[in-house]
Amino acid sequence: MKLRIAPSPTGQLHIGNARTALFNWLYAKANNGTFLVRIDDTDTERSTKEFENDIISNLKWLGLDWDEGIEIGGPHGDYRQSLRFNRYQEIAESLLLQGKAYEDQGAIRFKVPNSGSIKFNDLVRGEMSFNLTDVEDFVILRSDKSPTYHLASTLDDVDYGITIIARGEDILSSTPKHILLMQALDAELPVFCHLPLLFGPDGKKLSKRHGDTSVAAFKEKGVLKDAMLNYLCLLGWSPGNDIEKFNLDLAIEKFDFNDVLPNSAIFDDKKLLWLNGLYIRSQQSDDFTKSAINKLTQTLDRELFDEELIRLKIILPSVQERIETLNDIKDQVLFLLDEPFNVNNEDWESVNSSEAQHYLTQIRSLFIDLDNFTPESIDRIMRTSIESLGIKTKIGFQAARVAVTGTKISPPLFESIYALGKEGTIARLAQRIENL
RNA sequence: GGCCCCGUCGUCCAGAGGCCUAGGACGCUGGGUUUUCAACCCAGAAACGCCGGUUCGAAUCCGGUCGGGGCUGCCA
């Protein structure tokens, strides 16, 4: 059993391609089959090396490794169609010689019988039947001698021994052409499977105008690959029992093309983000710390200092509980980094009051005299001060929060103060205390 | 226009004739918890496109209709 995906490097790897790749990969894994990746770059106008690199690197990022194909090679050369033009030309010539194709203004067209029908059993849709009267003679070799998709793709599938072709539904109506071509080549027919398309929120085939639909964009946004994979599985398929969060092992165990829904799904990143939150929260603390630091280094475009790392390690476990993507980390921890510290004016105005002033003044002087600056002692001082001043907890705590973190929204207060450290905390409190 | 595919809450998925006054999840609304934001817990609104037929009985089968989508390129 051999499956394949054949992306065209005319755009980045988008989530539709990724899902097709994933389903093929799952099926190959589940059945001990071979998964092949080749590059369909017959459209020399639009294909670029950059897109090819994007596709390959993002497939790798997702962990959808292949057994044969581009980069890793195999018994059939480079797995890039642009390097096989001779082969396509040779076959086109031979079809021409056999009278199965004819020349038309410099191009070669495949001659489609004008009666009869093509039937095949689609793994997702069941019995399919097309009347040949509805299939036009199609170009297989352009006038510049480059092959069209139909010829190149079909011939590759035959040459590489593909036994299951699972691809997007947009190719469904081209399948009769491919079957005709395979018959003309005396090839054994593979099993076909046309996966439903992914739509944007407007119900149209997912494309660039729906915003960032590339895998790379979600990776940039701080989406974890496991969350991405999990979400992609859920589009058109489910492992049953209303299970929503599951790993690839379970998916491999349960996956079957027969269970894929025939109707298209709308891609909605809300659920992806929710799942991503679940995955972030279920990460091992050490792993999360590592990915958080990586992300921050990348976002800040500089290495983090040791002092910053110490502060981060204190607060990160709390941050892990309250974010949806890795990109949310920065806002939560910015007050702990050696970056310009700004207090949000609006927030400060809304929490500042004479009571708040008294409170900040008192805890500041108590902090100054505090020898062991620990979460426990900070907690004790801040609570007892609230009581002794007879003010509302919220008034004191929120004022302290804005003073120390710069905004009304932050990780837990005592931890934030502890992470910032005694000196920093005292200094920031002082900045907020009037008439000092 | 022609050919083809599809049609369960806003969205994703469950449902393969009675277990369905249709279940789960995201999102949404309300409440609880709480020093903020989250997380978490509870509750709620929310769907079988429509019309016929088959059947004792249909979300499930059939036909039609309407609606959405894909293809219709010397793009893939």
Side-chain angles (χ1 to χ4, degrees), chain A residues 6-11 17 40-47 81 104-109 122 124-126 128-131 133-136 138-153 167-177 194 196-197 199 201-205 231 233-245 259 261-275 277-278 281 318-324 328 331-332 347 351 379 382-383 386 392-402 405 407-414 416:
Chain A
S8 292
T10 54
N17 300 144
D40 278 16
D41 55 353
T42 52
D43 184 348
T44 48
E45 291 288 307
R46 298 193 300 145
S47 295
Q81 293 187 331
D104 174 26
Q105 301 183 85
I108 297 179
R109 276 184 193 278
D122 189 284
V124 169
R125 279 151 230 286
M128 291 290 110
S129 176
F130 291 82
N131 282 325
T133 46
D134 296 321
V135 182
E136 326 257 290
F138 54 97
V139 172
I140 53 177
L141 203 68
R142 300 185 188 104
S143 51
D144 67 358
K145 303 299 174 210
S146 68
T148 61
Y149 162 73
H150 301 303
L151 207 219
S153 176
R167 76 236 293 202
E169 192 198 328
D170 49 345
I171 320 284
L172 181 56
S173 40
S174 291
T175 300
K177 294 174 186 168
H194 291 92
L197 261 21
F199 288 163
D202 62 351
K204 297 275 189 338
K205 190 163 111 171
Y231 178 73
C233 279
L234 255 16
L235 257 25
W237 181 78
S238 87
N241 298 112
D242 289 333
I243 299 172
E244 303 275 345
K245 182 172 184 273
D259 299 328
L261 255 27
N263 49 304
S264 24
I266 291 174
F267 178 85
D268 172 24
D269 64 359
K270 288 270 180 25
K271 193 160 184 171
L272 168 61
L273 261 19
W274 164 76
L275 254 182
L278 286 189
R281 271 168 257 133
S318 288
V319 173
Q320 185 176 3
E321 299 298 319
R322 34 183 50 78
I323 55 169
E324 225 166 29
D328 298 336
D331 284 348
Q332 295 262 336
D347 282 1
V351 297
D379 182 322
M382 293 189 69
R383 287 188 195 282
I386 288 283
K392 283 189 179 144
T393 310
K394 190 168 182 172
I395 290 183
F397 283 11
Q398 280 302 78
R401 186 188 307 281
V402 176
T405 71
T407 68
K408 289 203 284 192
I409 296 171
S410 82
L413 186 54
F414 306 142
S416 296

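Source: prediction; values computed, not measured. In what follows, every heavy atom counts, from backbone to side chain, and hydrogens, waters and symmetry copies are set aside. Every chain is numbered from 1 and lettered A, B, ... according to where its sequence line falls, protein lines coming before strand lines.
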Quickly work out the A:H150 NE2 to B:A76 P distance and round it to whole Å. 8 Å
On a plain distance test, is the side chain of A:S143 in donor-acceptor contact with the base of B:C74 below 3.5 Å? yes
Rounding to an integer number of angstrom, what distance separates B:G69 and B:U8 when you compare their P atoms? 15 Å
In terms of heavy-atom contacts, A:R46 and A:D43 come closest through NE-OD2, 2.8 Å
In the strands shown, is B:C40 matched to any nucleotide by a Watson-Crick or G-U wobble pair with both distances under 3.5 Å, and which? B:G32
After noting the C-alpha distance and the side-chain angles of A:D41 and A:Q81, does the key distance pass the side-chain hydrogen bond (donor to acceptor under 3.5 Å, both in side chains) rule? CA-CA 6 Å; A:D41 55 353; A:Q81 293 187 331; over 6 Å; no
To the side chain of A:D268, which of B:U11, B:A76, B:G70 is closest? B:U11
Would you say A:T148 reaches B:G73's phosphate, i.e. side-chain N/O to OP1/OP2 under 4.0 Å? no
So A:A107, base contact, sugar-phosphate only, or nothing? Heavy-atom distance under 4.0 Å. base
Sugar-phosphate, base or nothing in reach of A:S8, heavy atoms under 4.0 Å: sugar-phosphate
In Å, rounded to the nearest 0.5 Å, how long is the span from OG of A:S264 to CG of A:D170? 11.0 Å
Side chain of A:R322, heavy atoms from C-beta onward: which of B:C5, B:C37, B:C3 has the nearest atom to it? B:C37
Strictly by modelled atom types, are A:S174 and A:R167 linked by a side-chain donor-acceptor pair under 3.5 Å? no
When all nucleic acid strands are considered with a 4.0 Å heavy-atom cut-off, which category describes A:N131: base, sugar-phosphate, or nothing? nothing
Ignoring backbone atoms, test whether A:R46 places a side-chain nitrogen or oxygen under 4.0 Å from the OP1 or OP2 oxygen of B:A76. no
Which one, B:A76, B:U35, B:A39, comes nearest to the side chain of A:Q398? B:U35
Provide the distance between the two P atoms, one in B:C20 and one in B:C41, to the nearest whole Å. 25 Å
Say we look at B:G24 and B:G31: how far apart would their C1' atoms be, to the nearest angstrom? 22 Å
Could you give the distance separating B:U29 and B:C48 at their P atoms, to the nearest angstrom? 24 Å
What is the distance, rounded to the nearest whole Å, between atom NE2 of A:H194 and atom P of B:G69? 21 Å
Under 4.0 Å, counting only non-hydrogen atoms across every strand here, what does A:S238 touch: a base, just sugar-phosphate, or nothing? sugar-phosphate
Provide, to the nearest angstrom, the distance between the NZ atom belonging to A:K270 and the C1' atom belonging to B:C13. 18 Å
What integer distance in Å separates A:D242:CG from B:G23:P? 11 Å
Strictly under 6.0 Å, is that where the ring centroids of A:Y149 and A:F138 end up? no
Tell me, please, which residues at least two apart from A:Y231 pass ring pair (Phe, Tyr, Trp, His ring centres under 6.0 Å). A:F267
Could you verify whether a donor N or O on one side chain and an acceptor N or O on the other, from A:S146 and A:D144, lie under 3.5 Å apart? yes
Which is true for A:L141 with a 4.0 Å heavy-atom rule: it touches a base, it touches only sugar-phosphate, or it touches nothing? nothing
Without decimals, in angstroms, what is the distance between A:L278 CG and B:C26 C1'? 10 Å
Whole-Å distance separating the CD1 atom of A:I243 from the C1' atom of B:G15: 16 Å
Ignoring hydrogens and geometry beyond distance, is the side chain of A:R125 in donor-acceptor contact with the base of B:C5 at under 3.5 Å? no
Report the nucleotide, chosen from B:C12, B:U8, B:A76, that has the shortest atom-to-atom distance to any side-chain atom of A:K271. B:C12
On a whole-Å scale, what distance lies between the P atoms belonging to B:C26 and B:C40? 8 Å
A:D170 has an atom CG; how far is it from atom C1' of B:C6, in whole Å? 14 Å
From CD of A:E244 across to P of B:G23 the rounded distance in Å is 15 Å
Euclidean distance for P, B:U65 against B:C4 (whole angstrom): 14 Å
